[in-house]
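Predicted model only: the values in this text are computed from it and were never measured.
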Amino acid sequence: MRKRIKAAIAVALLGVATPALAQEVVVTAARRGAYLNAEVNQSSSRPIINLRRTADFAVQPAQIIGDTREELKRHEEIYAMLRGAIELADKHGVELAIGDYIVEPLTLANYKNLALGGGGRSDTNVARFLIKAKLVAGMDAKTALERITKFTKAVPAVGRAEIESLGALTLSVVNPDQYRAQITDLIVADAAATAAKFGPDYGVQATGLDRPVEWARASLTEVFLYLPAAYTVVPKPR
């Protein structure tokens, strides 16, 4: 029966497009659909069949803020400090990035394209970005945060510019859709086990398998990856 169910689900997956690029996405305390712009409250319905795994990165929002009176000099100091942070990142085992949702690397090649925001006063500007620490086996959130904190303290100040953290540590996942097959296998196994309890005359009908993989935060370092799918046990055609 499981083979028949898996074959039926495989047919449903035909024609599902996969992303051209392996995108990295931010996972906050709120759940986001893979290609949605709006956040959904974490208390919203999430399928109980999901893949729980360690996120790829711990992510700390940060900014470099400068309040030198002269605008041109202020901007030069902020960008110079940002450049210093990029040059120092690899030594401290962290990476810099930009993006509220889709994460992109912040490098020496593109850092001057980062627009400066206002800092709450007419003579203040900020450069906002992300600091990422790769999560490896056995690494907890405290260790990741300590690595990021050590890095921020090591970045040399330039003029009146200084670096500071913003908000709480969050997570990111690289290319969530790469886990589609694993998630589908979990759904198949659960569907087969459930249908078997009703006897050989029953199978399942599945929906939602053509949707992109979605995600939610599971713990300080883990995420839930899942398809917004459901199945119904139905009698087999006679």
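- Counting only heavy atoms from C-beta outward, the side chains of Leu225 and Asn50 never approach each other to under 4.5 Å.
- The backbone N or O of Met139 lies less than 3.5 Å from no partner atom in the side chain of Thr143, so there is not a single donor-acceptor pair.
- Other residues sharing the hydrophobic cluster of Met81, ordered by chain and number and joined by side-chain separations under 4.5 Å: Ile64, Ile78, Tyr79, Leu82, Ile86, Leu88, Val94, Leu96, Ile98, Leu106, Leu108, Tyr111, Leu114, Leu116, Phe129, Ile131, Leu145, Ile148, Phe151, Val155, Val158, Ile163, Leu169.
- Using modelled atom types, no side-chain atom of Asn175 and backbone atom of Gln23 make a donor-acceptor pair closer than 3.5 Å.
- Side-chain N or O atoms of Gln60 include one that pairs as donor or acceptor with a backbone N or O of Leu166 at under 3.5 Å.
- Using a 4.0 Å cut-off between charged side-chain N and carboxylate O, Lys236 and Asp201 make no salt bridge.
- Looking at Thr152, its side chain does come within 3.5 Å of a backbone N or O of Thr149 through a donor-acceptor pair.
- Screening Thr68, Asp67, Asn125 against Arg74 for a side chain to side chain donor-acceptor pair (under 3.5 Å) leaves a single residue, Asn125.
- A donor atom on one side chain and an acceptor atom on the other are not found under 3.5 Å apart for Gln205 and Thr232.
- Using a 4.0 Å cut-off between a side-chain N of Lys or Arg and a carboxylate O of Asp or Glu, Glu222 and Arg217 do not qualify as a salt bridge.
- A donor-acceptor pair under 3.5 Å links the side-chain atoms of Gln178 to the main chain of Val174, judged by distance alone.
- No side-chain donor-acceptor contact under 3.5 Å links Asp190 to the backbone of Ile187.
- For Asp140 and Lys142, the salt-bridge test fails: no basic side-chain N is under 4.0 Å from an acidic carboxylate O.
- Checking side-chain atoms of Thr170 against main-chain N and O of Val27 turns up a donor-acceptor pair under 3.5 Å.
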